[in-house]
Amino acid sequence: MRAGLERLTVEIVDDAVTEIGSGAGQFGGAVRVRSGREMASDLTLWAIVADVPDLAARSGLEVDSRGRAVVDEFLCSVSDERIFAVGDCAAVPGARFACYTALPQAIHAADNFARLLKGRKPKPHSFPYWNRGLSLGRKDAVTQFTHADDSVRRAYLAGRSAVALKEMGTHSAFSTARAGVSSF
């Protein structure tokens, strides 16, 4: 994946973001990282693992009780429409903390950004759930099936069947991202 991003001249910065500032233009801005480097940015995709950092709150964005940026149905910050937030650092209406929700949210946010650049209206984000999975290493898992609103069903899978389902879902998500699926 790294090689593909480099072919597209995407700069990958492996450093902690400390500040996001506004800049010139409708979507312009700057990003400062822990090393002190400041970069101009038309679009920043910010990937976070595990904890929710306090950057959104320190930047003056409205956050929920967990510190996640509060966003509207278009995945835009309710405090600053120029900022999209997705994944674990965003309080997305109707979404839960789950590893497989971030990628579809990121694709949708990028599509909405492209729509705005073309003078079109953004589309609301929607993501139907169909299970909750728990990996117990590479060889064991449990999957509880859900309704689209994430309420649980009685059906579940366990063991190798649940592992196969989880791996199929993970493979599908990354295949979709590599294919550049876009709806704008």
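If you're wondering where the values come from, they're calculated on a predicted model, not measured in any experiment.
When hydrophobic clusters are built by joining Ile, Leu, Val, Met, Phe, Trp and Tyr residues whose side-chain heavy atoms come closer than 4.5 Å, directly or via intermediates, V92 is grouped together with F113. Residues L55 and V31 share a single hydrophobic cluster, defined by chaining ILVMFWY side chains whose heavy atoms lie under 4.5 Å apart. There is a path of hydrophobic side-chain contacts, each under 4.5 Å, that joins V86 to L117. Under the 4.5 Å side-chain contact rule for hydrophobic residues, L157 and W130 share a cluster.
We find the CD1-OG distance between I83 and S59 to be 6.5 Å, quoted to the nearest 0.5 Å. Taking CZ from F145 and CZ from R154, the interatomic distance works out to 15.0 Å, rounded to the nearest 0.5 Å. Summarising the geometry, atom NE2 belonging to H147 is positioned 4.5 Å from atom CZ belonging to R153; distances are rounded to the nearest 0.5 Å. A distance of 6.5 Å separates CZ of R160 from CD of E167, quoted to the nearest 0.5 Å. Here CD of Q144 is found 10.5 Å from CG of D150. Values are rounded to the nearest 0.5 Å. With rounding to the nearest 0.5 angstrom, the OG1 atom of T101 is 13.5 Å from the NE2 atom of H108.
Applying the side chain to side chain donor-acceptor pair (under 3.5 Å) test to every pair with at least one member in residues 67-78, sequence neighbours left out, gives these pairs: D64-R68.
The minimum heavy-atom distance between V33 and V13, with the atom names listed, is CG1-CG1, 4.3 Å. Closest non-hydrogen pair, D140 versus G159, comes out as OD1-CA, 3.2 Å. Closest approach of R115 to K121, counting heavy atoms only: NE-O, 2.6 Å. Closest approach of F84 and N112 over heavy atoms only: CE2-CB, 3.8 Å. Between L61 and A69, the closest heavy-atom pair is CD1-CB, 4.4 Å.
No donor-acceptor distance shorter than 3.5 angstrom exists from the side chain of R32 to the backbone of E38, with no hydrogens or angles considered.
Residues that satisfy the side chain to side chain contact (heavy atoms under 4.5 Å, CB included) test with P93, not counting sequence neighbours, are V71. Judged as a side chain to side chain contact (heavy atoms under 4.5 Å, CB included), and not counting sequence neighbours, the contacts of D54 are R58.
Contact annotation: the side chain of P122 approaches that of L116 to within less than 4.5 Å [non-hydrogen atoms, C-beta and beyond].
Other residues, nucleotides and ligands contribute at most 12 non-hydrogen atoms within 6.0 Å of the OH atom of Y156.
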Q) Is there a side chain to side chain contact (heavy atoms under 4.5 Å, CB included) between R37 and D15 once you walk through the steps? A) CA-CA 10 Å; R37 181 177 174 200; D15 200 343; 5.7 Å; no

Q. Run the side chain to side chain contact (heavy atoms under 4.5 Å, CB included) check on K123 and D111 step by step: do they pass?
A. CA-CA 9 Å; K123 291 184 177 180; D111 285 350; over 6 Å; no

Q. Can N131 and L165 be said to form a side chain to side chain contact (heavy atoms under 4.5 Å, CB included), step by step?
A. CA-CA 10 Å; N131 73 40; L165 182 63; 3.9 Å; yes

